[in-house]
Amino acid sequence: MRELLKSVREYKKQAIMTPVLVILEVLMEVLIPLLMANIIDIGIQNGDLGYIAKTGLLLIIMAMVALAFGAAAGRTGAVAAAGFAKNLRKDIFYKIQKFSFKNIDHFSTSSLVTRLTTDITNVQMAYMMTIRLLVRAPIMIVLSLVMTLTINRTISLALLITVPILGGVLIFIAKKAHPHFIQVFDEYDVLNNDVQENVNAARVVKAYVREEHEDEKFHKISEIIYKLFTKAEKIVAWNNPVMQFTVYTVVILMVMIGGRDIVYGTMQTGELTSVIVYAIQILSSLMMVSFVFVLIMIAEASTDRIKEVLNEVPEMEDPANAVEEVKNGDIDFENVDFSYAGEGGNLSLKNVSLHIKSGQMVGIIGGTGSAKSTLVQLIPRLYDVTKGSVKVGGLDVRNYKLENLRDQVSMVLQKNVLFTGSIYDNIRWGDENASDEEVQRVCKLAQADGFVQEFPSKYDTAIVEGGNNVSGGQKQRLCIARALLKKPKVLILDDSTSAVDTRTDAMIRKAFREEIPDTTKIIIAQRISSVEDADMIIVMENGEINGIGTSEELLKSNAIYKQIYDSQVRGGGNDEQK
């Protein structure tokens, strides 16, 4: 927990006050049995009602003070734990925001969600119980042993022997159960991933009538988690009976020793009563420790998972004296190699060199797996090159401040994502200060204004999670509008018009030429018609550039382009004639 405790921050005061208040509560509770013994041995035995009343009143006051300290400790402990969890959640979320695509690839979405929710809740509970019960228990044990020692050494010796035995049992149980809890949370990731997948793809599941298959898959994972938890709980379940057996054995032993001493006159009834109370306090404290130990076992597995995220080193950091201004939309690839596995891995891009002038419209075409998306993802530095360099505006992208570079290199990814909120809210991701008129203008450029105006609430229409209440083509156009609102120097569309018809596609490209002539426009497409009028077309194959030129030039010189052209354009034309 040491590393995670850095997240306590402004809640240090409450974290310190909690154990202090717990100590004061324990001091009051330890003195109460002593007063009870005096009432029996002095007040009742001597028939002194005045002493009984005075001591009884003092006992009530001390009990009320202990209650007040306990309530205050509970409040400050809850505040400290909730604040710690809030800061820890914030630290993890902020850390994730700094991750590059490569960092994110190390974790699944469901795993990150589990770490931000279930794992942090486990750590929060363990932390709260630690600063309260785990502080209270040792102090209660020590002070009660001291008080017992002053009353009867034989009984205190029996208690002294019991404490380490029970401590050893606790440690043994913890070591046995801990590996099972680690496995449980790994399976939780799988379960969350399955649920997330099923909910997101609910329409597909129903369309293919796969509900039964999904139910079976969910049941299997749930069964695995059930079995792992059962294994862990079977081990932990030994804790309570062992504790209770020990408590009752010790109490019986104390009554035997104390009863004999009372008969022989070496001990009084009140003293035996107080010793039994102290013994119960000691053994109850040990049971508290065992309860906290179970929470700590669970939290330890969660702590390891949280630390994996916090210790993940962001692959990309802003350099010292990072450049903040991107001069223009010139793009240069110089002998670029790239591997997702890093140095020594299989190359997705091999020795790529090309120059794109600012303001050009560039098309990229090629077969599936030819590394088209990989190529453009290096421009806004979503990944770093393995070898060579990528330059924007004449400067290596690694020299820019990441935020400024990505503000000027706007990218519409293959997988279009809209967020919960209105259409206005979603488009303003490009510029949160944009006016309604600016939002509507970029929607017109992206050919989105027409369908937006048909909604009853127009631009105030609510988008549900993931944008599932708009079609694929509508989603693509809204994402293009969002990217345009950034007024970038480079605009990249990664197969982002695949769900719109060819007429709308052509109107979007026409708007690009007329309205943003100075912006470099890179369009990845599967359709020849989407790139045919580009100033330059790049043909990709197996991570290499197979050809560069205009459509006319490539038809004459590039076999791959000609093959795609013939299959789409000429083949389509023949079909129409037929």
Side-chain angles (χ1 to χ4, degrees), residues 97-103 314-336 338 349 352-364 372-414 427-434 438-439 441-442 445-446 479-494 496 508-509 511-524 534-536 538 548:
Q97 301 311 304
K98 294 179 182 178
F99 284 175
S100 67
F101 275 27
K102 193 170 183 179
N103 291 120
E315 190 194 28
M316 296 177 187
E317 296 283 355
D318 290 331
N321 304 315
V323 177
E324 297 187 7
E325 184 185 355
V326 180
K327 289 182 179 178
N328 55 50
D330 283 345
I331 299 170
D332 292 283
F333 280 72
E334 297 179 353
N335 305 314
V336 169
F338 174 75
L349 289 174
V352 173
S353 294
L354 65 93
H355 173 66
I356 300 171
K357 293 178 183 177
S358 185
Q360 278 189 314
M361 183 178 284
V362 178
I364 301 178
K372 302 185 297 295
S373 296
T374 302
L375 181 77
V376 296
Q377 285 175 357
L378 299 179
I379 300 171
R381 206 183 165 201
L382 298 179
Y383 291 96
D384 269 337
V385 298
T386 305
K387 185 180 175 184
S389 66
V390 177
K391 294 180 180 179
V392 175
L395 197 64
D396 194 311
V397 292
R398 289 169 289 195
N399 293 330
Y400 285 110
K401 188 175 180 181
L402 269 173
E403 183 180 344
N404 296 67
L405 172 67
R406 289 174 184 171
D407 265 342
Q408 292 303 311
V409 181
S410 195
M411 188 168 181
V412 183
L413 298 166
Q414 262 182 328
I427 305 300
R428 284 194 177 110
W429 270 64
D431 179 1
E432 60 184 352
N433 299 313
E438 286 176 302
V439 171
R441 176 182 168 276
V442 294
L445 291 179
C479 290
I480 292 170
R482 181 171 65 191
L484 286 170
L485 194 62
K486 293 174 75 173
K487 301 181 181 71
K489 289 189 169 64
V490 178
L491 175 65
I492 302 169
L493 304 184
D494 187 356
S496 304
I508 291 171
R509 297 197 311 278
F512 286 172
R513 283 196 180 279
E514 293 174 356
E515 300 293 334
I516 50 171
D518 297 328
T519 298
T520 304
K521 299 158 285 283
I522 300 175
I523 301 171
I524 294 177
D535 301 314
M536 179 171 74
I538 301 166
I548 297 178

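Every value quoted in this text rests on a predicted model; they were computed, and no experiment measured them.
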For Phe333 and Ile356: C-alpha separation, side-chain torsions, deciding distance, then whether side chain to side chain contact (heavy atoms under 4.5 Å, CB included) applies.
CA-CA 9 Å; Phe333 280 72; Ile356 300 171; 5.6 Å; no
What's the spacing between Glu438 CD and Asn433 CG if we round to 0.5 Å?
9.5 Å
Could you list the residues that satisfy side-chain hydrogen bond (donor to acceptor under 3.5 Å, both in side chains) with Arg509, not counting sequence neighbours?
Asp505, Asp533
For the CD1 atom of Ile331 and the NE2 atom of His355, what is their distance to the nearest 0.5 Å?
9.5 Å
Nearest heavy-atom pair of Ala446 and Ile480: which atoms, and what distance?
CB-CG2, 3.9 Å
Residues in side-chain hydrogen bond (donor to acceptor under 3.5 Å, both in side chains) contact with Lys486, at least two apart in sequence or another chain:
none
Side chain proximity check, Val439 to Arg428, heavy atoms < 4.5 angstrom
yes
Please enumerate all residues that pass side chain to side chain contact (heavy atoms under 4.5 Å, CB included) together with Val323, with sequence neighbours excluded.
Leu395, Tyr400
Run the side chain to side chain contact (heavy atoms under 4.5 Å, CB included) check on Leu484 and Phe512 step by step: do they pass?
CA-CA 10 Å; Leu484 286 170; Phe512 286 172; 3.9 Å; yes
From CD1 (Ile522) to CE (Met361), nearest 0.5 Å
11.5 Å
Any pair counted as salt bridge (Lys or Arg N to Asp or Glu O under 4.0 Å), so long as it reaches residues 392-403, sequence neighbours left out
Asp396-Arg398
Do Met411 and Arg406 come close enough that some side-chain heavy atom pair is under 4.5 Å?
no
Partners meeting salt bridge (Lys or Arg N to Asp or Glu O under 4.0 Å) with Glu514 (sequence neighbours left out)
Lys510
Mind checking what makes side chain to side chain contact (heavy atoms under 4.5 Å, CB included) contact with Glu317, not counting sequence neighbours?
Pro314
State which residues pass side chain to side chain contact (heavy atoms under 4.5 Å, CB included) with Lys372; sequence neighbours excluded, sorted by chain then number.
Ile364, Ser370, Ile524, Gln526, Met540
Check whether any side-chain heavy atom of Leu349 lies under 4.5 Å from a side-chain heavy atom of Leu378, and answer yes or no.
yes
Hey, could you give me the CG/CD1 distance between Leu493 and Ile523, rounded to the nearest 0.5 Å?
5.5 Å
Quick one, Asn404 with Val326, criterion side chain to side chain contact (heavy atoms under 4.5 Å, CB included). Give me CA distance, side-chain angles, the key distance, then yes/no.
CA-CA 8 Å; Asn404 296 67; Val326 180; 5.6 Å; no
Shortest non-hydrogen pair, Gly329 vs Thr520, comes out as O-OG1, 2.7 Å
Kindly write out the residues that satisfy side chain to side chain contact (heavy atoms under 4.5 Å, CB included) with Ala483, not counting sequence neighbours, or none if the list is empty.
Ser410, Val412, Leu491
Kindly write out the residues that satisfy side-chain hydrogen bond (donor to acceptor under 3.5 Å, both in side chains) with Asp384, not counting sequence neighbours, or none if the list is empty.
Arg381
Salt bridge (Lys or Arg N to Asp or Glu O under 4.0 Å) pairs, two or more places apart, involving residues 324-333
none
Which residues satisfy the side-chain hydrogen bond (donor to acceptor under 3.5 Å, both in side chains) test with Asp407, sequence neighbours excluded?
none
Does the side chain of Val392 reach to within under 4.5 Å of the side chain of Ile379, using non-hydrogen atoms?
yes
The reported gap from NZ in Lys487 to CD1 in Ile516 (rounded to nearest 0.5 angstrom) is 11.5 Å
Tightest non-hydrogen contact, residues Ser358 and Asp518, listed as OG-O, 3.6 Å
Grab the two heavy atoms, one from Lys521 and one from Gly359, that are nearest each other, plus how far apart they are.
NZ-O, 3.4 Å
Taking every heavy atom of Ile548 against every heavy atom of Ile538, the minimum-distance pair comes out as CG1-CG1, 4.4 Å
State the OG-CG distance between Ser373 and Leu382, to the nearest 0.5 angstrom.
11.0 Å
Pairs where residues 372-394 contributes a residue and the test ring-ring contact (aromatic ring centres under 6.0 Å, His included) is met, not counting sequence neighbours:
Phe101-Tyr383, Phe338-Tyr383, Tyr340-Tyr383
